[in-house]
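To start, the structure under review is shown below, and the notes come after it.
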Amino acid sequence: MKKALALLMAAALSLSLVACGGSSASSAAPATSSGTASSTASGAGTSLLTDKERADSFITVATGPTSGIYFPIGGAFATALSDWGYTTTAQATAASAENIQLILDGDAEIAIAMQDSVMQAYEGFGAYDGKEPAKDLRAVMRLWPNYVQLVTTANTGIKSVEDLKGKRVGVGAANSGVELNARMIVEAYGMSYSDFTPDYLAYGEAIDNMKNGQCDAVFVTSGLPNSTVTELATSYDMVIVPIDGAGRDTLVEKYPFYAPTVIPADTYNNKEDVQGVFVYNILVCNADLPDNQVYDMLTGIFENIDTIKASHNAANKNISLDVGVEDLAIPLHAGAEAFWKEKGFVK
């Protein structure tokens, strides 16, 4: 009903613009002599939609909290698809876990999510233990790496993950992507939430509490740099706690969607590289989204990739046509598979 109402409103707005002498957004797709988008017939899922088909398709992009990176980058995806001719909206959410549910419920067409969260939902383990595996989730493309950042201030004395014992720790909103990261990392170091007092808060709120002395350390999972962490490092004697050693080895072995990395020197106030881990963000959709529409959306995304790259440094550095899809751990949507096969990344 919400989407039907939104489509009616969009149609009414379009008519009012024409009546006032305005013009609707033009599609960036090449036009045929009949004025509709050109298409190919090289196989299922490989034909572009017409201008009218795009305009009649309402695309909700599930993003993340307004304080995080998902929100501006997801908004840029919505803008890129709007410029391609779709009727779009970017929805602020609590990020990965909520986005996955929105996709499964049919309340969003595409969404950004961390691959570890997606894998748990797809296979029914971890935070999704006991739930029916979400086998209708499909990958569309790889996005950018999310770095797990454990931040504190010098006066807490916290220098390692083990030092969290007895402290108050911001682990992210319950069942959010950040919280799933925190839970797995703590487990890899032979600990559990019973070893400290967990605060189930989004990292922006938790960092505010840390400034007020009500929290000792906070898990932040995002691209680099994160604006909230940058502000903390500017105003306080911030410390980035390394995620390294045997604990990291255990984490990567048990959950191979994590990869060892470093937070480079001078990302914040750190003068040296800090050992850590990252997990990729991916763009996901439901298996029942039409093949041609997914193929067409990917075409529009890369036709307007500059819009997405301009949204954040993490997008500028990591989202491009040449990164391929080899790091994706769930099946590609059939339309996405056709697109990436055409580009030479799928056999």
Side-chain angles (χ1 to χ4, degrees), residues 59-64 68-78 80-81 90-91 93-104 108-123 125-128 133-148 176-178 180-181 184 221-224 255-259 261 277-287 289 294-295 297-298 300-302 305 308-309 311-312 314-341 343 345-346:
I59 305 298
T60 295
V61 183
T63 65
I69 292 175
Y70 280 20
F71 186 73
I73 297 179
F77 270 94
L81 288 171
Q91 180 174 337
T93 69
S96 295
E98 182 178 351
N99 291 354
I100 289 167
Q101 197 59 50
L102 287 169
I103 291 294
L104 295 175
E109 280 64 44
I110 56 175
I112 301 171
M114 284 193 288
Q115 185 151 243
D116 58 334
S117 300
V118 175
M119 280 298 299
Q120 289 182 63
Y122 184 79
E123 295 185 355
F125 73 95
Y128 295 86
K135 293 299 185 181
D136 286 336
L137 286 174
R138 291 292 184 271
V140 177
M141 61 184 288
R142 194 185 89 182
L143 298 175
W144 70 94
N146 255 6
Y147 291 73
V148 183
S176 65
V178 176
L180 299 183
N181 293 156
M184 286 185 279
T221 306
S222 77
L224 296 178
Y255 304 112
F257 38 74
Y258 286 101
T261 189
V277 293
F278 76 76
V279 59
Y280 275 111
N281 293 296
I282 64 175
L283 196 67
V284 295
C285 69
N286 197 298
L289 207 59
V294 175
Y295 177 89
M297 285 195 296
L298 273 169
I301 285 167
F302 285 104
I305 194 64
I308 295 166
K309 284 181 168 292
S311 65
H312 193 277
N316 185 47
K317 286 186 174 181
N318 296 284
I319 302 178
S320 65
L321 193 58
D322 59 3
V323 300
V325 289
E326 64 181 1
D327 299 298
L328 297 178
I330 67 168
L332 280 165
H333 186 282
E337 183 176 4
F339 177 88
W340 290 107
K341 183 175 183 180
K343 304 303 178 185
F345 290 103
V346 176

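By convention here, the first residue in the shown sequence is residue 1.
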Any side-chain heavy-atom pair of Val279 and Tyr255 under 4.5 Å: no
Evaluation steps, side chain to side chain contact (heavy atoms under 4.5 Å, CB included), between Val323 and Asn318: CA-CA 8 Å; Val323 300; Asn318 296 284; over 6 Å; no
Neighbour count >12 (heavy atoms, 6.0 Å) for atom NZ, Lys135: yes
Leu143 vs Phe77 side-chain heavy atoms within contact, under 4.5 Å: yes
Heavy-atom side-chain contact between Met141 and Ile319 under 4.5 Å: yes
Side-chain donor or acceptor of Gln115 paired with backbone N/O of Ala329 under 3.5 Å: yes
Rounded distance [0.5 Å steps], CG in Asn286 versus CD1 in Ile110: 13.0 Å
Nearest non-hydrogen partners of Ala315 and Ile308, listed with the distance: CB-O, 3.5 Å
Exam field: side chain Thr221 to backbone Tyr147, donor-acceptor pair closer than 3.5 Å: no
Atom NZ of Lys309: over 12 foreign heavy atoms under 6.0 Å: yes
Under 3.5 Å: donor-acceptor pair, side chain of His333, backbone of Cys285: no
For the student: nearest non-hydrogen atoms of Phe278 and Pro145, plus distance: CD1-CB, 3.5 Å
Side chain to side chain contact (heavy atoms under 4.5 Å, CB included) assessment of Trp144 paired with Ile282: CA-CA 7 Å; Trp144 70 94; Ile282 64 175; over 6 Å; no
Atom of Ile103, atom of Val284 and distance for their closest heavy-atom approach: CD1-O, 3.9 Å
Closest heavy-atom pair and its distance - Leu298, Trp340: CD1-NE1, 3.9 Å
Step-by-step side chain to side chain contact (heavy atoms under 4.5 Å, CB included) determination, Arg142 to Val325: CA-CA 6 Å; Arg142 194 185 89 182; Val325 289; 5.6 Å; no
Plane angle bin for Phe339 and Tyr295 - parallel if under 30°, tilted between 30 and 60°, otherwise perpendicular: perpendicular
His312 NE2 to Ser222 OG distance, which is reported to the nearest 0.5 Å: 7.0 Å
Pairwise side-chain contact, Ile112 with Leu283, heavy-atom cut-off 4.5 Å (strictly under): yes
Full working for side-chain hydrogen bond (donor to acceptor under 3.5 Å, both in side chains) between Asn281 and Tyr70: CA-CA 9 Å; Asn281 293 296; Tyr70 280 20; 2.4 Å; yes
Pair Leu180-Met114, side chain to side chain contact (heavy atoms under 4.5 Å, CB included): steps then yes or no: CA-CA 10 Å; Leu180 299 183; Met114 284 193 288; over 6 Å; no
Side-chain donor/acceptor of Asn146 to backbone N/O of Tyr280, under 3.5 Å: no
Minimal non-hydrogen separation, Ser311 against Ala76, with atom names: CB-CB, 3.5 Å
Side-chain touch Val140/Arg138, heavy atoms, less than 4.5 angstrom: no
Minimum side-chain heavy-atom gap Tyr258-Asn181 below 4.5 Å: yes
Separation of Ile301 CD1 from Leu321 CG (nearest 0.5 Å): 11.0 Å
Heavy-atom pair with the smallest gap, counting every atom of Asn99 and Ala111: CB-CB, 3.8 Å
Donor-acceptor under 3.5 Å (Glu109 side chain, Thr60 main chain): yes
